[in-house]
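In the text below, chain A, chain B and the rest are named by the order of the sequence lines, each starting its count at 1.
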Amino acid sequence: MHEDAQLPLLASGRRLTRADALDRLATLVGVDLRPLADRYGVTVWRDGRRNKGWAGMVVERYLGLAANGTQAPDFGDWELKVVPLALAADGRLRLKETMAVTMFTAADLESREFEESHLLAKLGRIVVVARVYEGPEEARSVVQAVAGFDLTDADRAQVRADYEEARWMVRTQGAWALDGRVGRLVQPRPKGAGHGSGGMGFYAKKALVTRMLGIGA
DNA sequence: CTATGATCATCC
DNA sequence: GGATGATCATAG
């Protein structure tokens, strides 16, 4: 690993181009993220509870971006995501989870066209970093792959169809009609602190994320 | 409370 | 073992 691996490539993470980020992230393949969490002061465990987003925060810091709650692509025109891979019964690494993309409200959904949605803004131009999940201890987690991905025309059409389906359900049956069974590539699911918070988020289903990573099904 | 970073827990 | 709903840490 580089001597200055903890330093941001640019003064402002937001100006980091995707090409530069991919170059820099390439040096992270094969690297254990866990020691970096300590180096960056990213909490992994707190009072016996896990910071589920620790790996994502570590990679953000690696690229020089501070944690923030802005509902926009992390680096201006492209989005960074970190996803876990886990060893399957057949001995191969597979995507462990769906990927949370962005939150939305019923009002957002009804008023915003797909082309103007946060969903497309984040999914359209993305960089996915895959890490190996070894166990709940998170004693070690090595970066397995890094991939830049632009939504293909076909995927984009299906994602739009999923978005329109969710809109249609909200308009005709109300927000409560939405659940994870809606959508083929992206799905609306409850998300947010506490139960019944009413928050919803769009999640990229495994098939889409797997395609982004360019790994077998 | 809402967003970010996500994964956990449970039900099928 | 996969899919869906619930939840954790942090920032504004």
Side-chain angles (χ1 to χ4, degrees), chain A residues 13-14 33-34 36-38 40-76 78-109 112 117-119 121-123 126-139 141 143 162 166 169 175-210 212 217:
Chain A
R14 290 197 147 274
L33 295 176
R34 189 59 182 75
L36 293 180
D38 295 332
Y40 294 149
V42 171
T43 301
V44 176
W45 293 98
R46 177 81 115 204
D47 299 328
R49 287 171 303 191
R50 180 182 340 190
N51 173 10
K52 298 176 180 178
W54 75 268
M57 297 171 79
V58 165
V59 177
E60 285 186 333
R61 288 294 309 275
Y62 187 76
L63 293 179
L65 185 69
N68 72 89
T70 305
Q71 191 175 35
D74 298 310
F75 294 87
W78 62 275
E79 173 75 8
L80 174 69
K81 292 289 180 189
V82 176
V83 296
L85 304 180
L87 211 50
D90 63 4
R92 301 176 50 117
L93 286 173
R94 273 197 174 66
L95 188 67
K96 180 173 176 288
E97 304 283 348
T98 54
M99 185 180 80
V101 180
T102 189
M103 289 187 73
F104 67 90
T105 65
D108 288 337
L109 199 54
R112 303 197 82 160
S117 68
H118 292 301
L119 176 63
K122 296 192 176 194
L123 219 44
I126 195 169
V127 170
V128 183
V129 175
R131 72 180 182 100
V132 179
Y133 170 92
E134 296 191 9
E137 308 80 12
E138 301 282 23
S141 188
V143 173
D162 291 344
M169 292 191 71
W176 290 107
L178 288 182
D179 64 36
R181 293 171 299 184
V182 175
R184 292 185 55 88
L185 290 183
V186 296
Q187 60 183 168
R189 272 162 53 197
K191 184 181 191 295
H195 70 288
S197 62
M200 296 287 290
F202 275 115
Y203 287 74
K205 301 181 84 167
K206 290 184 182 181
L208 178 56
V209 180
T210 295
M212 289 177 167

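A salt bridge links A/Glu138 with A/Arg131: the distance from a Lys NZ or Arg NE/NH1/NH2 to an Asp or Glu carboxylate oxygen falls below 4.0 Å.
Atom-to-atom, CG of A/Leu85 to C1' of B/dA6 comes out at 14 Å; the value is rounded to the nearest Å. Rounded to whole angstrom, the span from the CG atom of A/Asn51 across to the C1' atom of B/dC8 amounts to 13 Å. Between the CG atom of A/Asp47 and the C1' atom of C/dA9 there is a distance of 11 Å, rounded to whole Å. B/dT4 atom P lies 17 Å from atom NZ of A/Lys52, rounded to whole Å. Following rounding to the nearest Å, A/Lys122 (NZ) and B/dA6 (P) show an atom-to-atom distance of 10 Å. Computed from coordinates, the A/Leu119 CG to B/dT4 P distance equals 12 Å when rounded to whole Å. The CZ atom of A/Arg61 sits 15 Å away from the P atom of B/dA6 (whole-angstrom rounding). Rounded to whole angstrom, the span from the CZ atom of A/Arg131 across to the P atom of B/dG5 amounts to 15 Å.
Inter-residue side-chain proximity for A/Thr98 and A/Arg189 is flagged as met; some heavy-atom pair is nearer than 4.5 Å. In this structure the side chain of A/Phe104 reaches within 4.5 angstrom of the side chain of A/Leu178, judged on heavy atoms.
Proximity of A/Thr70 to the phosphate of C/dG12: no side-chain N or O atom is located under 4.0 Å from OP1 or OP2. Contact annotation: A/Arg49 reaches the phosphate of C/dA9 (side-chain N/O to OP1 or OP2, under 4.0 Å). At C/dT4, none of the side-chain N or O atoms of A/Thr98 fall inside 4.0 Å of OP1 or OP2 (strictly under the cut-off). Put simply, A/Arg50 has no side-chain N or O that comes within less than 4.0 Å of OP1 or OP2 on B/dT7. Contact annotation: A/Lys81 does not reach the phosphate of B/dT4 (side-chain N/O to OP1 or OP2, under 4.0 Å).
Side-chain proximity of A/Ala100 to the nucleotides B/dA6, C/dT4, C/dG1 is greatest for B/dA6.
For the atom pair CG (A/Leu119) and CZ (A/Phe202), the distance works out to 5.5 Å, reported to the nearest 0.5 Å.
At a threshold of 4.0 angstrom between heavy atoms, the contacts of A/Gly53 include nucleobase atoms, whether or not backbone atoms are also involved. In this structure, A/Val82 reaches the sugar-phosphate backbone alone: every heavy-atom distance under 4.0 Å involves primed, P, OP1 or OP2 atoms, never a base. In this structure, A/Arg46 reaches the sugar-phosphate backbone alone: every heavy-atom distance under 4.0 Å involves primed, P, OP1 or OP2 atoms, never a base. Here A/Glu138 lies out of heavy-atom contact (under 4.0 Å) with every strand. Residue-level contact check: A/Ala66 touches neither bases nor backbone, having no heavy atom under 4.0 Å from any strand. Residue A/Pro136 is out of contact with every strand shown, counting any heavy-atom pair closer than 4.0 Å.
Mapped onto DNA chain C by nearest heavy atom, A/Ala88 and A/Gln187 fall at different nucleotides, with A/Ala88 at the one closer to the 5' end. Along DNA chain B, the nucleotide closest to A/Trp54 and the one closest to A/Glu97 are compared, and the more 5′ of them pairs with A/Trp54. Of the residues near DNA chain C, A/Met57 and A/Lys206, the one whose nearest nucleotide (by heavy atom distance) lies more toward the 5' end is A/Lys206. With the nearest nucleotide of DNA chain B identified for both A/Met103 and A/Gly135, A/Met103 has the one nearer the 5' end.
Between the side chain of A/Lys96 and the base of B/dT7, no donor-acceptor pair under 3.5 Å is found. Applying the 3.5 Å distance criterion, the base of C/dA3 shares no donor-acceptor pair with the side chain of A/Tyr203. With hydrogens and angles ignored, no donor-acceptor pair closer than 3.5 Å exists between the side chain of A/Asp179 and the base of C/dG5.
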Practice prompt. I would like to know whether A/Leu87 and A/Arg92 meet side chain to side chain contact (heavy atoms under 4.5 Å, CB included); could you show each step before the answer?
Written response: CA-CA 5 Å; A/Leu87 211 50; A/Arg92 301 176 50 117; 6.0 Å; no
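Side chains of A/Thr210 and A/Arg94: a donor-acceptor N/O pair is absent below 3.5 angstrom, by distance only.
With respect to A/Met57, the side-chain contact (heavy atoms from CB on, under 4.5 Å) criterion is satisfied by exactly one of A/Thr43, A/Val44, A/Val82, A/Val42: A/Val42.
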